[in-house]
Structures are given as C-alpha cells and as structure tokens.
Amino acid sequence: MHTEVKVPHSVLMGVESPGRYVGGEQNQIINEDVIKQLRETGSCSQVRTVLCFPDVYEIGMSNLAMQILYKILNNPEWSSCERSFSPWLDMDKVMREKKIPLYSLETRSPLNEFDIVAFSMGYEMCFTNVLQMLELGGIPLLAKDRKDEDPIVVGGGPITCNSEPMADFFDAFYLGEGEEVDLEFTELVKKYKDSGKKDRKAFLREAAKIEGVYVPSLYTPKFENNKFVGYDIEDGAPAKIKKRIIKDLDKVDYPTEPVVPNINVIHNRAYLELFRGCIRGCRFCQAGFICRPVREKDYKTLCDQGMQIMRNTGYDELGILSLSTSDYTGLVPMTDVLLEDFDKNHQSLSLPSLRIDNFALDLMEKASSTRKSGLTFAPEAGTQRLRDVINKGICEEDIMNALHLAFKGGWTTVKLYFMLGLPTETMEDVEGIANLAIKIEQLYYDTMREIGMKPRKPEITVSTSMFIPKPFTPFQWENQNTEEEFKTKQQHLRDMIRKHRSIRYIWHDVKTSCWEGILARGDRRLGQVILEGYKNGSIFDAWDDYFDYDMWMGLLESHGLSWELYTQNYSEEDVLPWDNMNLGVTRAFLLREKHNAYEEKVTPNCREQCSACGANCYKAGICP
C-alpha cells in the first residue's frame, strides 16, 4: 500500500526553512512510471531506493556522493532513487506530535515503503541522526527486529571502514566506492523482489557474497577481559571484506545535471571531482589511506563535465574536489580551458586543497581572475620536527616562499590549519604554531615594503583541530590527548597570539573530539550506548549547541565502558574491530609508517617512489 505523505501548509510555515522539506528542485528526477504504478496498484516493479543523509538538507545537498549515487541509481529502467534528510529539531517535534512519517522529497513516500534505505555516512557525530531518520520513517531501529517486509537498511561512506559502533542498526554496509557495488546490491534486491521471496536472512547471506558488502549479522564479536579479540564468522561469509574501487574514472557516470537546491546550502556551488586517492601519505589522514590508489580523470573529460555542469545548473562558481588539488597532473591545461569559458559567462573556479610546496603565483592569478578570495593552507604542525613525524613533506621555507608569492599577488587573507595532540607533540611544537603565524604576519609587512605598497591590515586566521586516531592510518594505535591536555594547549596558544591583532585564533570543541575519538575506534558494544543516548534525546551531535558530552560519558560508564578503553588502550599486537576489512593498505605498511614517524623519517610520495603500501592489489591508477 502506498501512502503519499501530506504535510499541512501550517506546519511548513511554522518551522525554520520550510524549503528543506518540499523538494521540487531543478534537475530533480521524478520517475513517472513509479508514480503511476504506486497510485494505481500501491506498489511498483522497480527497486526503490531512498538515499538518506543524516543531517539537515543544507549539508546533505552539499555532498557530492549523494549526487553521484542519485544519478547512477536512477539510470536503469528497473531502479528508482529518491532523497531524504534529517528534519531539524522543530520539524522533528511537529512530525512526532502529528504522526507525520519521514518521507522522500520526490514522491513523498514514507521511508518504510522503500526496498532499500541507504545512508551516506561521512561523520561519526551523525550516528544518532541515523536512528532519528529510521524511527521517523517507521523502520525498526535494530536490524534483528526487522521483518521480511521491512526495507533493507544499508550504509556507505568513509566511516564504514569501522562500522562496528553502528553495526546493530544496519543490515549491510558498502565498503569503498559505491558506483558499482550499489547497482550490484540493487540488482540482487530486484532478483529477490521478482521471485517473490521474502526471506530476509537468505537475502543477506547472498548479499555477503558481493565483493565490498559487509553484513554485520554474520559476524559475532568476541570479548575477553573487556577487550575485543575477534569474530565468530558464519559459514560462507568472507573472513575479510575487500573495498571496492572504480578503476577508470573517465568511464564512470558523473552527474552533469546535479540537483540544484531550492534554498542556500553550505557549499552553494557546483562540483567537479579531479581524482580519488592521495599520493602524499600524511600519517594522520584517514582519507589519504582508505582512498588509495590514486586514479585521475583526464583533463579533457573534466573540462567537458565542468562546462556541462555550469550550463545545466546556473551556478556562478565551480568547486574542485580532491584530497590535494595541486597534485593533479592536468591542473594547468584544465584551468586554462575552464577559465577561458568561465570568463565569458562571469563564472569562477575555486581551487581548494592546494599544497604549499608546489603552489605557484600564476595558478593563483588564474583562479582569482574572476573572483579573489582568501587562501587556505594546512601546515598541520608548527615545527619541522613534527611535520616530519606526520609525513607532511613541507618545510618552513616552502610555507614562507608560497606566502611571499601570495602577498605579492595581492592576497591579504590567509587561513592556516593545524592539529593539536599529534603523536610526540610537545609544548614547543604548540608554540611553533604561534611563532609561524607571527612570522607570516611580519612577512606580509616586509613584502609590502619590498614592492612599495602601503600595507593594509592582513587577516591571518589560525585554526586548530584535535588529533583523533583513526582506523587505517599509521596512528591508529596511538593514544588521544585527554580533555585537559587539549585545553592546556589551546590556552597556551591563545596567550601567545592574543597580542597580535592581525592574527585570529579559532579552535574546535575539545569534548566533541574526545567523543569522536571513541566512535572512530569503537566496537559493537557502543551500539547500545548510542541507542540509549538517542532515546535520551540526543540528535544533531555534530552541532555544538546540541552535544551533551557529560551525558555520553555517563552512559559509557553505565555500560561498563570508558573513554580510556577506546582512546588509550590499543597496542600493535591487538586485534582491532576493523581487522576484518581489507582496504588494500596493509597492516604491515601502517606499522612501518608508525615506526618511521617515531624516527622522524619522511616517506616519499607515491609518484617519487612506491612504498609498497598494498594498494597495488587493485592494479589501477598509479599502481599498475
């Protein structure tokens, strides 16, 4: 039976940003055949997927993965795909009071009417929002409580490299890139749907045979002395789940007609993806390891896609996505072609993720020919010793030379990203952050005198985040700083910078980072903690105003768990909750890199020298 959810006009007019809940955007895909079948028979032959983003519309609609999968899952005749987002607190309250189910934007169908409910999961702090969407959508929260007729709940995205804290709530996870595995999984759903089978467990056992699909119910975690020691695995399930990748990005479908939001969103621009992976190997960076090997798109493909996107959306800015834009080998010809076209139409090109060591004035000038904005760099650490520890691969001379070029080119606004709490960090390293910012301030005034310009007050922003040990990095075994250690370092940095009016200091919330550290390396026991936290009213933890750290710490303790258990208690010999995942990069390589860090050895980037990380198992990109 199909239900088209009706939301009274009075409800929409009574909440913040009603545009979040109405759909009807430019390039939205409406499957008329699905609508006809639903209205005539209450069901349809297509496999229906709803892509769910566990945060508000403005953030979800800035997510490129959502746009890519939306297009791919709407391509086959037998598949249709719609979207849904977490309702904000005001809408959540009204929906519960008036018993309005959470629905898709395209056909306004309740989530529990879909065959597949698929979550894009990029951030641990959104876990309770997954439960919010399931509950409002009329779907049992725990996978073990779902009946054969309930939707299959799947998750994908970066956090699935350790999905154990959320394993109790999902039927399956996709590991790696979703373009192919999503369709293969959906085809299996179609096979079962067409056959009339209603055996959920049989379907999931079959789904586990698809490379890149993890079915948590087939893996029972074991604990000894309050410590995870491995899994009991059902017969037929793979001992390790291998990540899926797309080998040839030029051949994969890309959304050149993306859905254009009908309200302002966080990143209000179109996007172009240059490549996947990263050659650099910064030892704290999870994305740099889990996305290997590096695979580029041809610059001609990108130019064609970029110009199509701008014509099909009406945006005036095209953003470039990659982990390190200046490492793209076709960057110069691509920018030449795109900017020639954009100049005619008063459009601009945004070039983020530029590395300081190969940053050039001519590239800056190209990028700013239509719109000049601030520059953003990520030295990550304030001293050369610590930059070598984390394998950043740049020195202070690189930083100063690049900013000298920038100041000569007319830039006066610079944002610098650093981390606090990195392995081996001392207070001298913390002071190095302030000293570097002060040197940059002085460099600006010296540069103005050099070129004979009257200086304006520069805007130099120092931003510090907290180091969080993440799975599949060389630092996955490291301790995280305590709340007190983080706060002491923040205060010392504030005191050093306070007298310099050109330098502004902003910092991430310490308590949020401490909880994220638990979720990042947690095991399945955290599922009950997350469920209880949600039932206590915890949603939108990613928003500082709604995050209750003390509540979470109390729940941990009540379940016989602790912050220390997950952030201070891993050794190189431990079996880790994510050891049943194969992301290409080997444990032996990560251990070797950890030891190199403590010896302050820099590992060459992948183009300079192969370090035998294991990603060549895919025989793709720069790993033939």
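Along the sequence shown, residues are numbered consecutively beginning with 1.
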In residues 167-174, what donor-acceptor pairs under 3.5 Å come from side-chain atoms, sequence neighbours left out?
from   : atom 1 : to     : atom 2 : distance (Å)
Asp171 : OD2    : Arg146 : NH1    : 3.1
Asp171 : OD2    : Val153 : N      : 2.8
Asp171 : OD2    : Arg200 : NH2    : 2.9

Side-chain donor-acceptor distances from residues 258-265 under 3.5 Å, at least two apart:
from   : atom 1 : to     : atom 2 : distance (Å)
Asn262 : ND2    : Gly23  : O      : 2.9
Asn264 : OD1    : Asn268 : ND2    : 3.1

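Qualifying side-chain hydrogen bond (donor to acceptor under 3.5 Å, both in side chains) partners for Tyr219, counting only residues two or more places apart in sequence or in other chains: none. Evaluation of the side-chain hydrogen bond (donor to acceptor under 3.5 Å, both in side chains) rule for Asp523 yields Arg525, Tyr566 as partners, not counting sequence neighbours. Among residues two or more places apart in sequence or in another chain, the salt bridge (charged side-chain N to carboxylate O under 4.0 Å, His left out) test is passed with Asp579 by Arg587. Applying the side-chain hydrogen bond (donor to acceptor under 3.5 Å, both in side chains) test to Tyr549 and every residue at least two apart in sequence or in another chain returns nothing. Applying the side-chain hydrogen bond (donor to acceptor under 3.5 Å, both in side chains) rule to Asp541 yields the partners Ser538, Trp552; only residues at least two apart in sequence or on another chain are considered. Residues passing the salt bridge (charged side-chain N to carboxylate O under 4.0 Å, His left out) test with Glu572, sequence neighbours excluded: Lys594.
Using a distance-only test at 3.5 Å, with no hydrogens or angles considered, a donor-acceptor pair links the side chain of Thr473 to the main chain of Phe475. Between the Glu593 side chain and the Cys282 main chain, no donor and acceptor come within less than 3.5 Å of each other. Distance alone, capped at 3.5 Å, is enough to place a donor-acceptor pair between the Lys243 side chain and the Ile290 backbone. With Asp574 contributing its side chain and Leu576 its backbone, the two residues share no donor-acceptor pair below 3.5 Å. Side chain of Ser17 to backbone of Arg20: no donor-acceptor contact under 3.5 angstrom is found. At least one donor-acceptor pair closer than 3.5 Å links the side chain of Asn129 to the backbone N or O of Phe540. Checking side-chain atoms of Glu425 against main-chain N and O of Gly421 turns up a donor-acceptor pair under 3.5 Å. Formation of a donor-acceptor pair under 3.5 Å by the Asp150 side chain with backbone atoms of Asn112 is not found in this model. Tyr570 contributes a side-chain N or O that, together with a main-chain N or O of Arg521, makes up a donor-acceptor pair within less than 3.5 Å. Panel note: side chain Asn74, backbone Cys81; a donor-acceptor pair is recorded below 3.5 Å.
Using a 4.5 Å heavy-atom threshold, the side chains of Lys222 and Lys227 count as separate. Phe275 places a side-chain heavy atom less than 4.5 Å from the side chain of Val294. Within the 4.5 Å cutoff, side-chain heavy atoms of Cys52 are placed close to those of Leu111. At least one side-chain heavy atom of Phe185 sits less than 4.5 Å from a side-chain heavy atom of Val154. At least one side-chain heavy atom of Val50 sits under 4.5 Å from a side-chain heavy atom of Ser104. Residues Phe85 and Leu105 have side chains in contact (heavy-atom distance under 4.5 Å, counting atoms from C-beta outward).
Among residues at least two apart or in separate chains, salt bridge (charged side-chain N to carboxylate O under 4.0 Å, His left out) pairs with a member in residues 155-167 are Glu164-Arg524. Sorted by first and then second residue, the side chain to side chain donor-acceptor pair (under 3.5 Å) pairs involving residues 61-70 (not counting sequence neighbours) are Tyr70-Glu106. Pairs of residues two or more places apart, or lying in two chains, that qualify as salt bridge (charged side-chain N to carboxylate O under 4.0 Å, His left out) and include a residue from residues 109-122 are Asp115-Lys193. Residue pairs meeting the salt bridge (charged side-chain N to carboxylate O under 4.0 Å, His left out) criterion with at least one member in residues 125-144, sequence neighbours excluded, are Arg96-Glu135.
Here the SG-CZ distance, from Cys161 to Phe289, works out to 12.5 Å after rounding to the nearest 0.5 Å. To the nearest 0.5 Å, atom OG1 of residue Thr464 and atom CG of residue Leu420 are 4.5 Å apart. One distance of note links NZ of Lys71 with CD of Glu179; it measures 12.0 Å at 0.5 Å rounding. The SG atom of Cys278 lies 7.5 Å from the CZ atom of Arg292; values are rounded to the nearest 0.5 Å. Interatomic distance, CE of Met419 versus SG of Cys285, reported as 7.5 Å (0.5 Å rounding). Note that CD of Glu58 is 11.5 Å distant from CZ of Phe53, once rounded to the nearest 0.5 Å.
For the pair Glu82 and Arg108, the salt-bridge criterion is not met [side-chain N within less than 4.0 Å of a carboxylate O]. Using a cutoff of 4.0 Å between basic side-chain nitrogens and carboxylate oxygens, Glu459 and Arg504 are not scored as salt-bridged. The residues Glu380 and Arg283 are annotated as not salt-bridged, no charged nitrogen and carboxylate oxygen being separated by less than 4.0 angstrom. Glu180 has a carboxylate O that lies under 4.0 Å from a charged side-chain N of Arg244, or vice versa, which qualifies the two as a salt bridge.
Using modelled atom types, one finds no donor on one side chain facing an acceptor on the other under 3.5 Å when comparing Ser163 with Thr160. With 3.5 Å as the limit, one finds a donor-acceptor pair spanning the side chains of Trp578 and Gln476. A side-chain N or O of Gln491 and one of Asp495 form a donor-acceptor pair less than 3.5 Å apart. Checked by atom type, the side-chain pair Gln132/Ser86 shows a donor-acceptor distance below 3.5 Å.
For the pair Ile139 and Pro151, the tightest heavy-atom approach, listed with the atom from each and the gap, is CD1-CG, 4.0 Å. The two residues Val56 and Trp543 come nearest to each other via the heavy atoms CG2-CZ2, 3.7 Å. Closest approach of Leu386 to Pro423, counting heavy atoms only: CD1-O, 3.5 Å. Of all heavy-atom pairs between Pro379 and Lys392, the closest is O-CG, 3.8 Å. Closest approach of Val389 and Thr424 over heavy atoms only: CG2-OG1, 3.7 Å. Counting all heavy atoms, side chain and backbone alike, Val215 lies closest to Ala208 at CG2-CB, 3.8 Å.
Atom CD of Glu25 has more than 12 neighbouring heavy atoms from other residues, nucleotides or ligands inside a 6.0 Å radius. Counting heavy atoms of neighbouring residues, nucleotides and ligands inside a 6.0 Å radius, atom NZ of Lys535 does not exceed 12 of them. Atom NZ of Lys93 is surrounded by 12 or fewer heavy atoms from other residues, nucleotides or ligands within 6.0 Å.
Note that Arg494 lies in the cation-pi zone of Trp507, set by a 6.0 Å cut-off to the ring centre and a 45° limit from the axis.
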Query raised in the report: Under the salt bridge (Lys or Arg N to Asp or Glu O under 4.0 Å) criterion, do Lys489 and Glu484 qualify, and how do the steps go?
Result: CA-CA 9 Å; Lys489 292 172 181 179; Glu484 293 71 25; over 6 Å; no
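Only one option out of Glu485, Gln490, Glu516 pairs with Met466 in a side-chain contact (heavy atoms from CB on, under 4.5 Å); it is Gln490.
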